[in-house]
Every structure is written in structure tokens, then in C-alpha cells.
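Throughout, a chain's letter reflects where its sequence line sits, starting with A, and its residues are numbered from 1.
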Amino acid sequence: DGGITQSPKYLFRKEGQNVTLSCEQNLNHDAMYWYRQDPGQGLRLIYYSQIVNDFQKGDIAEGYSVSREKKESFPLTVTSAQKNPTAFYLCATQTGLGTDTQYFGPGTRLTVL
Amino acid sequence: SQQGEEDPQALSIQEGENATMNCSYKTSINNLQWYRQNSGRGLVHLILIRSNEREKHSGRLRVTLDTSKKSSSLLITASRAADTASYFCATDALIQGAQKLVFGQGTRLTINP
């Protein structure tokens, strides 16, 4: 999992609550990504950021928000507008633009009660 | 926006046997990558093969790429119990004006002792 930390490892949320998932990296990578993974499925891109103070929507951004105030941090907020948030969330980094190797954090499993 | 699809979805073999997984994709690529995911963990990069390469080796891993057939295969030789994991191919695709990695749904590999 390298120099990428995600917290918490497990998160439980009541319906109607917003929750924020943390992703921190010490790899000095410019690009950071958030993916959602449902059981037995591949990864779907939620948001990504290529530089500080800039981010772009991915394929399934509705109900999520992000910020990139520091190079090292890319927190993801799951809002109450996300109707089916129970999933495994993965943060990844990449050295820069393009589609070379991505490095993944250990993930956060979010469960809505 | 799924680009790569793995086949088979699940594979169960005996320890010591070879495991072969396939990935097909739809549009032209710059590179193709394979990742491994142990249950409940983040993805780990295994190997990257560029579009002008046909074969690449890394330890017990052998990856081939056939751009004319838009397909790739991952061969794991002399499998071990520790190889039990899900394996994903990822291809680059131009989405909304930016190059992004797109992951397939993965092959679940089980190595039986």
C-alpha cells in the first residue's frame, strides 16, 4: 500500500448523514483519484485531481464531493444525496498526467445502517 | 465507459498449476496494466505493457499483448496459495477529453492446496 493512508478502515453511517473519508500520501505524486468498488465488481472513478486546487468529476460523481487544498491530501465526502453509498472506497495516486502506474491505499469500507 | 473485460470471471486451480487470465478491450490503447487485489485490500500494480510491446515477464508472471485482437493475457506459472486474489486489467481511454485508466471487473483466482 506504499505511502498512501486511508482512514478510517471501516465506517458506519446512518441514512441522511454526510461522512468524510480521508486519503493522505507522502509519495509527492501530483495526481490523486477516488474509486468506488462494489462486491465482485471492478473500480469506478468518482473524482480525480491532477494538481492542487483543481479536481474533475469521474463517471459516478453524483452524491460525492472532494477538495484538494494540499498536495498530500484528497478527502472524499459522501453526502446524503448518494442513495446507495455502501461500498469499498479506494484512493490512488499517480506521478502525473497520463495513464501510467497508479498506487493504491488500503481502502475504506463504508456501510450505511 | 468500461474498456477492459476479463475472462474468466472466476478461476479455481490446484497449487502448482499455471493460471491464465484474459483481457479484451475496445479502443486503441497506449498501454495496458495488470493489478492484483487481495480480499478487502487495495490494488497492487503487477506489470505494465506498452502498445509497441508484445510480451513482458516479471518473475512468475508473463503478459502478452495482441493489439490486432485488442486482447491481453496474464499467465501465472507454478501457482501458489498466496496467488489467490482478484486480478484486474486496466487500459487507458480518452474520456471527456482526458486520458484515464479504466478497470475491468476482474478475474477471481483461487489456488487450492
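The most heavy-atom pairs under 4.5 Å with chain B, out of A:C91, A:G58, A:G42, come from A:G42. Heavy-atom pairs under 4.5 Å with chain A were tallied for B:A90, B:A10, B:G40, B:S86; the largest tally goes to B:G40.
A:R44 has a carboxylate O that lies under 4.0 Å from a charged side-chain N of A:D38, or vice versa, which qualifies the two as a salt bridge. Under a 4.0 Å N-O distance rule, the pair B:R62/B:E55 qualifies as a salt bridge.
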What pairs of donor and acceptor atoms, side-chain ones from residues 106-113 of chain B against any protein atom, are under 3.5 angstrom apart with sequence neighbours left out?
from   : atom 1 : to    : atom 2 : distance (Å)
B:T107 : OG1    : B:P8  : O      : 2.6
B:N112 : ND2    : B:S12 : OG     : 2.8
B:N112 : ND2    : B:I13 : O      : 3.3

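With a 4.5 Å cut-off on non-hydrogen atoms, A:L45 touches chain B through its side chain but not through its backbone. Heavy-atom distances place the side chain of A:R109, and not its backbone, under 4.5 Å from chain B. Only the side chain of A:K9 comes within contact range of chain B, with heavy atoms under 4.5 Å apart. In this structure, chain A has no heavy atom under 4.5 Å from any part of B:Q9. Contact annotation for A:Q37: only side-chain heavy atoms (C-beta onward) come within less than 4.5 Å of a heavy atom of chain B.
Sequence neighbours left out, the pairs with a member in residues 41-98 of chain B that pass ring-ring contact (aromatic ring centres under 6.0 Å, His included) are B:Y35-B:H45.
In the model, A:Q6 has no side-chain atom that pairs as donor or acceptor with a side-chain atom of A:E24 under 3.5 Å. A:Y48 and B:K100 share a side-chain donor-acceptor pair at under 3.5 Å.
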